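This report refers to the structure that appears directly beneath it.
Treat the numbers as computed from the prediction; the structure is a model and nothing was measured. Chain letters run A, B, ... following the sequence lines, proteins first, then strands; residues in each count from 1.
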Protein chains: 2
Amino acid sequence: MFAKPIAVNKLILQLIVIMNNTTLKKISEMLGLSISTVSRALKNHPDISDKTKLRVTELANALDYEPNANAVHLRTSKNNLFGLLVPTVANFFYDSFIAAVEEECRKSNYSLMILQSGDEPAIELENIKLCRQNRISGLFACITSQTVDLDPYLKLNGLDIPVIFFDKVPDDNTCNKVCVADAVSATIAANTILKNKKKKVVALFGNRNLSITKKRLAAFDIAINRKIKTTVLYANSTAEAEELTTQSLIENPDTLFCMSDEILAGAMKAVQRARLLVPKDISVISISNGFIPKLYFPEITYVETSGYKLGKLAFSSMMACLAGSTFVQELTIESVLVKGGSI
Amino acid sequence: MFAKPIAVNKLILQLIVIMNNTTLKKISEMLGLSISTVSRALKNHPDISDKTKLRVTELANALDYEPNANAVHLRTSKNNLFGLLVPTVANFFYDSFIAAVEEECRKSNYSLMILQSGDEPAIELENIKLCRQNRISGLFACITSQTVDLDPYLKLNGLDIPVIFFDKVPDDNTCNKVCVADAVSATIAANTILKNKKKKVVALFGNRNLSITKKRLAAFDIAINRKIKTTVLYANSTAEAEELTTQSLIENPDTLFCMSDEILAGAMKAVQRARLLVPKDISVISISNGFIPKLYFPEITYVETSGYKLGKLAFSSMMACLAGSTFVQELTIESVLVKGGSI
DNA sequence: CTGAAAGCGCTAACAC
DNA sequence: GTGTTAGCGCTTTCAG
């Protein structure tokens, strides 16, 4: 075999580089430098001469070099990755939560791995496993409605991976949680009803086994305190809410209270079906993320439980944990009354 | 230094393992096996004896071993990761698209990295870079409304990383795209209006610079073919749609056509404000993802442009590319008319 | 049936 | 100012 002229070797090298991904090694070979010099040059390390830095960065740019995140993470054992578990992303509460978390992640140079459980514990478990395999730095989790075994989550904590539960949180009080202020929201709504001198309210709640339902109902009850006639109904879906509302309208209530957006959507359909004018014929007030109430005219008055704000809070709580805070806490976002024209 | 009894060594080893993450090395040391044997045992390799397999898997389970995804990916140079770029996840079209893609990813053992651009080209660029660093296997991309430079995307293709554009796609026809059938949808809506013998329609479109607007308008115009009186209006937001609709109602149209959910939401607010009964006083028909139309009574008749279906289509298109198909194509999802009671 | 060894791409302590 | 070296955790020939 004859020795090939250097020029040809260089060309071959160049071709190889173009074909595959650029690596430090390839850059170093092309420049006749060591890998570490190239690495440092790219990081603008003070040890490296300006001349070398220039040569390196120019070639790196020309070859569109991007560091291999897997290699960096493996080496530094820092992943800058958060996991985020939701029942589904296709939901106007969760999607705004996700939007907020993603925004913050980008600002803080974290990546986000978003996983859907479909509200199934088996998939939830799979997803937690995936998170562990990816060596996430922390997890934002909304448990499924049937989750009983918290062990997989607690194990993460054991591995020094903070878990911030949001929205649907376990009762266990050794966990970090961020929630909407269920009790306060319901209280504000109830007080608004009383202040407006309403006399006969139909209060629509969700599945009565859900803790969110229990909390909101309890607070609502206390605030109303039997001062006015109240009919409490439980709907498991938007369709059921519509049906129950339609039935309850026979008794001519003067106010409809809806504990959530799903319920509100059903209730408003019933109101439209009955051709009632809001607020003349009937007043409406809801607890809501804010999107649905603004679809109607007049806009529905609601107590805001913002997924977006909750996301921001969850993120800051996560950062606090990562910064070493071992103080387990349950945080809530402030509830504010957003006035529409429906009461 | 004295040699320590084996029992103590084992205990120390065990402690170390508990403190940190379990690795193949640690398992192999505890069992007196080589790393490769442990690796193979865990993969149920036929070479390994059942006895060894049992010992290994038992310890691995006890220690909650999960393979380090970064190491696996680095070693195998297979990431099983897709990137997904959207303006925002907090949108009822994109969130259902994402839900569909995520579902399929899970089934096919892929992970998904979801990034929001906030409709800003600068962030879009950052996100593409992130994708490259993570050595994604493919990208689902919805470009920002101001994206002019397609080069970053084309470079991915150069690296054998397929890019499937969806929803907001570039004009360039060397790209793989999946879209809703804009023209067909608008045609179906127009024909439905004609078939119902409507005479005076107000057609509400979005920003007239958007290609989606142009396509839908052109097809709508052709289908209507000046057979009936048509007023075309352009709204840049839900609020503007409401305002324009309110003004247009003065002329007593018998039908409202809305080219999208954002427009529909505004138009319906105007209808409610004017206390018009649908469909007695006015008919309504829309192009929609399906969520908003079902909030009203009667439900709005719409031509479905499903984000969910688009997601499924995008995924299968991605898999085709990965399987080696170099056939660049623009796919569309079928448009179906979903009948409500609004026309 | 099991082990040794190389190497994926990168960082960082240590040498010179 | 630059190079050498070891090693992150894993897979996978190749030997035995």
Quickly work out the B:K53 NZ to C:dC1 C1' distance and round it to whole Å. 11 Å

Protein-nucleotides 13-16 of chain C N/O pairs closer than 3.5 Å?
{"from": "C:dA13", "atom 1": "N6", "to": "A:R40", "atom 2": "NH1", "distance (Å)": "3.4"}

Rounding to an integer number of Å, can you tell me how far B:K78 NZ sits from D:dC10 P? 19 Å

What protein N or O atoms touch nucleotides 8-10 of chain C N or O atoms at under 3.5 angstrom, if any, and at what distances?
{"from": "C:dC8", "atom 1": "O2", "to": "B:R75", "atom 2": "N", "distance (Å)": "3.4"}
{"from": "C:dG9", "atom 1": "N2", "to": "A:A71", "atom 2": "O", "distance (Å)": "3.4"}
{"from": "C:dC10", "atom 1": "OP1", "to": "A:Y65", "atom 2": "OH", "distance (Å)": "2.5"}
{"from": "C:dC10", "atom 1": "OP1", "to": "A:N68", "atom 2": "N", "distance (Å)": "3.3"}
{"from": "C:dC10", "atom 1": "OP2", "to": "A:L24", "atom 2": "N", "distance (Å)": "2.7"}

Between A:D64 and B:K155, is there a salt bridge with N-O shorter than 4.0 Å? yes

side-chain hydrogen bond (donor to acceptor under 3.5 Å, both in side chains) involving A:E104 - partner list, sequence neighbours excluded: A:K107, A:K312

With sequence neighbours left out, write down each residue that passes side-chain hydrogen bond (donor to acceptor under 3.5 Å, both in side chains) with B:N44, or none if nothing qualifies. B:K53

Residues that B:S145 engages under side-chain contact (heavy atoms from CB on, under 4.5 Å), provided they are two or more places apart: B:D119

Rounded distance in Å - CG (A:L33) to C1' (D:dG1): 11 Å

Partner residues of B:N68 under the side-chain contact (heavy atoms from CB on, under 4.5 Å) criterion, sequence neighbours left out: A:L74, A:R135, B:N70, B:A71

If I take atom CD in residue B:E29 and atom P in nucleotide C:dG3, what distance separates them, rounded to the nearest angstrom? 13 Å

Would one find a side-chain N or O of B:S34 under 4.0 angstrom from OP1 or OP2 of C:dG3? yes

The criterion is side-chain hydrogen bond (donor to acceptor under 3.5 Å, both in side chains); which residues satisfy it with B:S108, sequence neighbours excluded? none

Interatomic distance where CZ belongs to A:R55 and P belongs to D:dT2 [whole Å]: 9 Å

Who pairs with A:Y65 by ring-ring contact (aromatic ring centres under 6.0 Å, His included), at least two apart in sequence or on another chain? none

Taking only residues two or more places apart in sequence, or in another chain, which ones meet B:N109 in a side-chain contact (heavy atoms from CB on, under 4.5 Å)? B:N80

